[in-house]
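Input: a single structure, listed below in structure tokens.
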Amino acid sequence: MSHNIFASMRARVVQALHGVVPDLPEEVVARVEVTPAREPEHGDMATNAALVVAKAARRKPQDIAAALVAVLQADPLVAEAAVAGPGFVNLRLHADAWRRLLPVILRTGEAYGDSTAGAGVRINVEYVSANPTGPMHIGHCRGAVVGDALANLLAKVGHEVTKEFYVNDAGNQVTALAWAAYFRYLQALEVSITEADFSEIVPGGLQYRGDYLIPVGQALAAQFGASLLSADSWIGEPETWLIDVRDFTIAMMLEQITDDLAALGVVHDVFVRERDLVEQGEVHEAIARLELDGLVYRGTLEPPKGKTIDDWEPREQMLFRATAFGDDVDRPLQKSDGSFTYFANDIAYHAHKIARGFDLMIDVWGADHGGYVKRMQAATRAFGGTLDVVLCQIVHVLKGGQPLRMSKRAGTFITLRDLLDEVGPDAVRFTMLTRKSDAQMEFDIDQAVAQTRENPVFYVQYAHARCRSVLRAAGELLGAAAVAPESLAQVPLDSLENEAELALLRRLGAWPRTVEAAAAAREPHRIAFFLYDLAGDFHMLWNRGRDDSALRFLQADRPAETLARVALVAATAVAIRSGLAVMGVTPVEEMR
RNA sequence: GGACCCGUAGCUCAGCUGGAUAGAGCGUCGCCCUCCGAAGGCGAAGGUCGCACGUUCGAAUCGUGUCGGGUCCGCCA
């Protein structure tokens, strides 16, 4: 059930258009838009209807616009219609058309803005998907927030959404992790060996030297005692301990990651483990199916030009014919040791998702995976699926006006947990959504906690707190029953006629179309900007009351007007909560 | 050499999928307030939308080229 006033006006415009210009092709009508007017003098809304059909109708846009105006002026919602510019039709609605949104909003509650635009389309949103080799850091954080908010947004427009985490627990990385954990295990048992000496033993050298594995080593010692050592209390043969240590460590890391995510408010519905896919033979199955379709062959790749690779030598390998689906080159499926590449596993994973019946997959990745998009989309198309990728660009963290250079070696490595401790989950989530995800962003820690307008989190929360404050005071003045949503939904609203009040009303009316547009564009940041603007409208109204006490919400001697204003305030709070819910941010009742 | 992302006000960024005179916050300048309807308010200045062609009624938005910044480029994930 949609309460989108722009959608209903569009329906009226299209109906009028059919009367004015018969036999219009569907695809032409589809381009008709009804959008909010940018300038208040232009009215409330504008439509491009006459402009987009002019060519098909073989008539001048202004003529069609004039004919539309004649029809639309008779519409009971329309106060004024006029031709403007090259053939726009500007519409000014009766104030009542806007006012009657309030009961709808109050009765709908936080579901205001929901729609059925996505009904029947199942979407899998995969995000975070970090290696379980260490704690979550800032780089993961943006993707986590964007993915989570996007999933909420898609659900709000009616999609059936699954939030999914792909655990990369099958590659060399987790073997390296096991070695690093084993070193900490030795330390926990006070086996005397230096990091340098141990690194000599590790195939490829010791990685993951961070302190975060110390508790893992202790836990291993507590769990296994000395049983992972050799008989002479020295380093055991890897085949005797590697798998146990690896699985134990992955489990602990994964638990820490999910704990950190939970602290951020991110909870996935489904975890898929790469190792399970490998062990259940799904990779072989997926590759076999590609072979059947003639999309796999043995060949030799050209070395990349302009980039010298020291030990490059031409090598024949198993390749996926990605170029058949728009990629630049065909992509390797097998390493020289015969095992599958990460890409091959990922193909199996996406085939797995397609087989589970999703109509659309959306992967949220870091910018460093940008070069991977085309091949993955090629692979999913080979399986008859559709993949959208949302790339999240790098986040630079600022503190005290200075960039924090993140370096594991220098110890200025910011974990998600550090950030949450310093800023709090709500501010982290909101701030991460104040930029388009494919643009780099600077995360200014000082700004995220600032109690001023320059901090959008504060500004929006403050607006909600003020709304709640008004509602509490109204309850004391008029009685709790009088300010219950259903009571307010029946209040006469004629007294809402101040320009600032109407501006706020119009903004509230734009919420459903904002949600739909943001979902269609996969751009959750638009929600943050809408809320910032909405908060601005509300604060402006509040400030008017500060200058002129007649404009304050609560007027002890004029209960009818007070109730109408309280209804507007209550609806504003509802819309803010509706938006914050998409972002996963908790609305506050008061500023403290 | 190639692929992908980004170039909009001094700074950080929006710009609703091609619409009308390109917006916000910060900063700057001016005025007001310092009242718990506290954690400021009002107003002003400030832009050849990196640049050049092209597409069309119309371009910050689409295409091509170019310059600048970023990410990445066979057996890492």
Side-chain angles (χ1 to χ4, degrees), chain A residues 31 33 35-39 41-42 46 48 51-52 54-55 60-61 84-88 90 129-131 133 168-174 176 274 300-307 309 311-315 317 319 327-329 331-343 345-346 366-374 389 391 393-394 398 434-442 444 447 450-456 458-459 462 466 469-470 473 510 513-514 516-518 520-521 523 525-526 528-530 532-533 536 539-540 542-547 549 551-554 591:
Chain A
R31 292 176 55 212
E33 286 185 325
T35 55
R38 207 182 322 182
E39 303 289 333
E41 309 91 74
H42 295 154
N48 61 353
L51 287 163
V52 297
K55 188 171 282 181
K60 287 208 285 193
F88 289 101
N90 288 336
S129 297
N131 291 330
T133 53
N168 297 135
D169 56 354
N172 299 328
Q173 302 295 327
V174 290
E274 184 181 4
T300 307
L301 290 174
E302 293 290 310
K305 290 172 182 163
K307 182 194 181 234
I309 298 174
D311 55 347
W312 176 274
E313 51 189 70
R315 189 178 1 254
Q317 53 195 157
L319 300 173
D327 200 356
D328 308 305
V329 293
R331 303 292 180 173
L333 296 169
Q334 232 172 12
K335 306 178 191 175
S336 57
D337 66 1
S339 65
F340 286 114
T341 59
Y342 175 79
F343 178 51
N345 291 357
D346 220 1
D368 54 343
H369 287 58
Y372 200 71
V373 174
K374 279 188 184 179
V389 177
L391 288 181
Q393 291 290 333
I394 292 175
L398 286 176
T434 55
R435 296 286 179 271
K436 224 170 10 186
S437 66
D438 56 7
Q440 293 180 36
M441 82 178 292
E442 297 197 0
D444 188 329
Q447 181 180 308
Q451 305 276 298
T452 64
R453 177 170 190 166
E454 66 189 279
N455 178 8
F458 167 80
Y459 196 62
Y462 192 20
R466 277 179 159 175
S469 165
V470 170
R513 73 183 295 280
T514 301
E516 282 193 18
E523 291 184 345
H525 76 279
R526 294 193 198 183
F529 282 90
F530 177 88
Y532 186 75
D533 290 340
H539 286 306
M540 175 168 293
W542 177 287
N543 290 329
R544 295 274 165 92
R546 215 154 43 153
D547 297 338
S549 61
L551 291 177
R552 295 188 177 192
F553 298 112
L554 305 183
M591 306 307 285

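Proteins get letters first, then strands, A, B, ... in listed order; numbering begins at 1 in each. As the structure is a computational prediction, the values presented were derived from the model and not from experiment.
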Let me spell it out: for each of A/Lys55 and A/Glu454, pick the nucleotide of RNA chain B with the closest heavy atom. Which residue's pick is nearer the 5' end?
A/Glu454
Note on RNA chain B: ranges paired as stems (three or more Watson-Crick/G-U pairs in a row, both atom distances under 3.5 Å) are B:1-7 with B:67-73, B:10-13 with B:23-26, B:28-32 with B:40-44, B:50-54 with B:62-66
Excluding sequence neighbours, so at least two apart, what forms ring pair (Phe, Tyr, Trp, His ring centres under 6.0 Å) with [X]?
X: A/Tyr532; result: A/Tyr459
X: A/Phe340; result: A/His284
X: A/Phe530; result: A/Trp511
X: A/Phe553; result: A/Phe538

For [N] and [M], measure between their [atom1] atoms and round to the nearest Å.
N: B/U34; M: B/C29; atom1: P; answer: 23 Å
N: B/C5; M: B/A45; atom1: P; answer: 38 Å
N: B/C57; M: B/C13; atom1: P; answer: 37 Å
N: B/G54; M: B/C42; atom1: C1'; answer: 46 Å
N: B/G25; M: B/A44; atom1: P; answer: 12 Å
N: B/G69; M: B/C62; atom1: P; answer: 23 Å
N: B/A9; M: B/G23; atom1: C1'; answer: 10 Å
N: B/C6; M: B/G63; atom1: P; answer: 11 Å

Heavy atoms under 4.0 Å, any strand shown: does [X] hit a base, just sugar-phosphate, or nothing?
X: A/Leu51; value: base
X: A/Ala518; value: nothing
X: A/Ala510; value: nothing
X: A/Ala521; value: base
X: A/Asn345; value: nothing

Nucleic acid footprint by protein, nucleotides 35-41 of chain B - heavy-atom cut-off 4.0 Å, B for base, S for sugar-phosphate alone:
--BBBSS
Contact pattern, 5' to 3', of nucleotides 6-16 of chain B - B, S or - by protein heavy atom under 4.0 Å
S-----SSSSB
Take a 6.0 Å sphere around CD of A/Glu41 and say whether it holds more than 12 heavy atoms from other residues, nucleotides or ligands.
yes
Kindly write out the residues that satisfy side-chain hydrogen bond (donor to acceptor under 3.5 Å, both in side chains) with A/Asn543, not counting sequence neighbours, or none if the list is empty.
A/Arg546
With A/Gln173, which residues qualify under side-chain hydrogen bond (donor to acceptor under 3.5 Å, both in side chains), at least two apart?
A/Tyr208
Salt bridge (Lys or Arg N to Asp or Glu O under 4.0 Å) against A/Lys436, all qualifying residues, sequence neighbours excluded:
none
Salt bridge (Lys or Arg N to Asp or Glu O under 4.0 Å) involving A/Asp169 - partner list, sequence neighbours excluded
A/Arg273
Provide, to the nearest angstrom, the distance between the CZ atom belonging to A/Phe530 and the P atom belonging to B/A24.
18 Å
Which pair of heavy atoms, one from A/Pro61 and one from A/Gly87, lies closest together, and at what distance?
CB-CA, 4.3 Å
Write out a two-atom table: protein N or O, nucleotide N or O from nucleotides 73-77 of chain B, distance below 3.5 Å.
| unit_1 | atom_1 | unit_2 | atom_2 | d |
| --- | --- | --- | --- | --- |
| B/G74 | OP1 | A/Lys307 | NZ | 3.4 |
| B/G74 | O6 | A/Asp311 | O | 3.2 |
| B/G74 | N1 | A/Glu313 | O | 3.0 |
| B/G74 | N1 | A/Arg315 | NH2 | 3.0 |
| B/G74 | N2 | A/Glu313 | O | 2.7 |
| B/G74 | N2 | A/Arg315 | N | 3.3 |
| B/C75 | O2 | A/Ser336 | N | 2.3 |
| B/C75 | O2 | A/Ser336 | OG | 2.1 |
| B/C75 | N3 | A/Arg315 | NH2 | 3.2 |
| B/C75 | N3 | A/Ser336 | OG | 2.9 |
| B/C75 | N4 | A/Arg315 | NH1 | 3.1 |
| B/C75 | N4 | A/Arg315 | NH2 | 2.4 |
| B/C76 | O2' | A/Gln173 | NE2 | 2.1 |
| B/A77 | OP1 | A/Asn172 | N | 3.4 |
| B/A77 | OP1 | A/Lys335 | NZ | 3.2 |
| B/A77 | O2' | A/Asn131 | OD1 | 2.4 |
| B/A77 | O2' | A/Asn131 | ND2 | 3.4 |
| B/A77 | O2' | A/Asn168 | OD1 | 3.4 |
| B/A77 | N3 | A/His369 | NE2 | 3.3 |

